[in-house]
Novice: 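Pasting a structure here, questions to come.
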Protein chains: 2
Amino acid sequence: MSGTTNDVRDRRAERHDATRAEIVAAAWELARDHGLGDISLRDLAGRVGMKAQSIYSYFDSKDAIYDAMFAEGARAFLERSRDAFERRSDSDDLFEVLRDRAEGFTRFCTDDPVRYQLLFQRPIPGFEPSAEAYAPAVEALDLLHQRMTRHGLDDPAVVDLWTALLAGLTDQQISNDPGGDRWLRLVDRAVQMFVDHVTKGS
Amino acid sequence: MSGTTNDVRDRRAERHDATRAEIVAAAWELARDHGLGDISLRDLAGRVGMKAQSIYSYFDSKDAIYDAMFAEGARAFLERSRDAFERRSDSDDLFEVLRDRAEGFTRFCTDDPVRYQLLFQRPIPGFEPSAEAYAPAVEALDLLHQRMTRHGLDDPAVVDLWTALLAGLTDQQISNDPGGDRWLRLVDRAVQMFVDHVTKGS
DNA sequence: GTCTATAATCTGATAGAC
DNA sequence: GTCTATCAGATTATAGAC
C-alpha cells in the first residue's frame, strides 16, 4: 500500500489544499454578501463550480469551514500584530507604539467587518473555534502583553482598558458608520487619552 | 359598521395587545436560549400554546416581531437614560454624572446581552428597525448630547469618544467574560480617564 | 382567532455509482 | 473526487374551514 512516489503524493496534496483554500475564499465572499450565519453549502459549492455534496470531500462539516475561516483570520491578525510591533521595535515612545498598533488594529477590523465579527464576536450559534485555530489569536494577545510590560504597564487592568478602547472605536465605526471614518478619526485622540492616563503622575 | 359599544371593542383590543406582548416576551426567551437569529415561528408559537400559523393574526411577518422587540428595547433604553440623568439633574460634577450614566448603560447592556445585540449591533440579516421603533433610541442619544452640552462638551467628537468608550467596555465584557465583571470593574477608571481628558487644561 | 392542510423552498448530511 | 439520488427534516407564509 501507498507505493506511490513522493512526486505523485505531493501533487495530489497540493491540489487538495488549493481547492480547500478556494472553498474558504468563496465562503468569505458569501459571508460578506449574505452574512456570516447565512452561508449554505449549496451556494458555497456553486461558487466553486461543485455540487454541495462534493464539499464533504474537503471538509467534514459546515463548522469545519468556519473553523478554517477563523484560523485564517487569526493567522492574519497575528501577522499584522507582529509587523506593527516589529516596525517600532526600537521605539521607547509609548504613544508612538500604541498609536501604530491602534491604527493597525482598527484598520484590520474595519477593512473586513465580517472577519472582525467572526474573530471577536462569535455570532454563529453552536460554533466554537478549535484550539489550533485559536492559537494565533492567543499569541497575538501575548505580544501585546509583552510589549506593554516593556513599557512598565504590567497591570492586567491597564491592558483590559486598552483592549476595550480599541474594541469600542472599532465597534462604533462598524455599527454606526460602516465604510466611513467617523470613529477612525478619533484613534489618535483616544490613544493620547490612554497614554496620558497611564503615565499620570510619573 | 362598527356598531359595537366602546366596552366590547376595548376588551377585544386589550386581549389582542396582551397576546402580542406575550408573544414578544416568548420571543425574547427564545432569543436568549437559541440566539437572536434562530427564532422559529414554530418554537415561538409553541411557547405561547399556539400553532405557528396563528402568529400571523398578531404579526404580519417575522420581521414585525423583531421590530416589536426592538421597539420594546429602545423604550427601555430611553427610560433608563431619563432616570439616570434625572437622578443627577442638579449635579454639576461631570465625573459623578458620567459615572452614573456609564454604570447604568453597561449594566443595562450586560444584564441582557441579547437585547444589546439587537439594539446596538443589528445582527439579523435583512432586518432594519422601523422609524417608530427606532425613535426612542434617537431621543436617548439626544438626551446625552444635551447633558454633555450643559457641561461645555459640545464637540461631537467628544460625544463619539464617549460612546466608543462605553461600547468597548460593554462589548469586551459580553464577548470575553460573559456573566463576569472583568470590564465592568473598569468603568470608574475609564470614566475618570475620559473626564481627565476632556477637562485637560481647564 | 385558531385550526388543518399545504405550498414552495431551503437546510446539512449520507449512500453509492462511476 | 465528483456526481445522482435521496433523506429527514427545517423554514416562512397562505388558503380556507370552523
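Here the structure is a predicted model, which means the values were calculated and not measured. Proteins come first, then strands; the chains are lettered A, B, ... in the order of their sequence lines, and each starts at number 1.
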Novice: For B:Ser61, which contact category applies under a 4.0 Å heavy-atom criterion: base, sugar-phosphate, or nothing?
Specialist: sugar-phosphate
Novice: Assign each of A:Met50 and B:Ser40 to its nearest nucleotide of DNA chain D by heavy atoms, then name whichever residue's nucleotide is nearer the 5' end.
Specialist: A:Met50
Novice: In whole Å, I'd like the distance from the CG atom of B:Leu41 to the C1' atom of C:dA8.
Specialist: 16 Å
Novice: Quiz question: by atom type and distance under 3.5 Å, do the side chains of B:Gln173 and B:Thr110 form a donor-acceptor pair?
Specialist: no
Novice: Of all the choices, D:dT12, D:dG1, C:dG12, which nucleotide is nearest to the side chain of A:Ser57 once you look at every atom?
Specialist: D:dG1
Novice: Please report the distance, rounded to the nearest Å, between CZ in B:Arg11 and P in C:dG1.
Specialist: 14 Å
Novice: Do B:Tyr116 and B:Asp111 meet the criterion of a side-chain donor-acceptor pair at a distance under 3.5 Å?
Specialist: no
Novice: Return the value, rounded to whole Å, for the distance between atom CD of B:Glu14 and atom C1' of C:dG1.
Specialist: 17 Å
Novice: Quick one: is B:Lys51 getting a side-chain N or O under 4.0 Å of the C:dT2 phosphate, OP1 or OP2?
Specialist: no
Novice: With a cut-off of less than 4.0 Å, is there a side-chain N or O of A:Tyr58 near OP1 or OP2 of D:dT2?
Specialist: yes
Novice: What is the distance from CD of B:Gln53 to P of D:dA17, rounded to the nearest Å?
Specialist: 16 Å
Novice: We want to know whether A:Ser175 and B:Gln121 form a side-chain donor-acceptor pair, criterion being a heavy-atom distance below 3.5 angstrom.
Specialist: no
Novice: Figure out the CD1/P separation between A:Ile55 and C:dT14, and round it to whole Å.
Specialist: 14 Å
Novice: Can you tell me how far P of D:dT12 sits from CG of B:Leu30, to the nearest Å?
Specialist: 11 Å
Novice: Indicate yes or no: does B:Arg185 engage B:Asp181 in a salt bridge with an N to O separation below 4.0 Å.
Specialist: yes
Novice: What is the distance, to the nearest angstrom, from the NE2 atom on B:His34 to the P atom on D:dT11?
Specialist: 10 Å
Novice: To the side chain of B:Ser54, which of D:dT14, C:dC3, C:dG12 is closest?
Specialist: C:dC3
Novice: Rounded to whole angstroms, how far apart are CD1 on A:Ile23 and C1' on D:dT2?
Specialist: 12 Å
Novice: Nearest to the side chain of A:Arg42 - D:dG1, D:dT12, C:dT11?
Specialist: C:dT11
Novice: Reckon A:Ile39 touches a base, only the sugar-phosphate, or nothing at all at heavy-atom distances under 4.0 Å?
Specialist: sugar-phosphate
Novice: Taking atom types as modelled, is there a side-chain donor on B:Asp196 or B:Gln192 under 3.5 Å from an acceptor on the other?
Specialist: yes
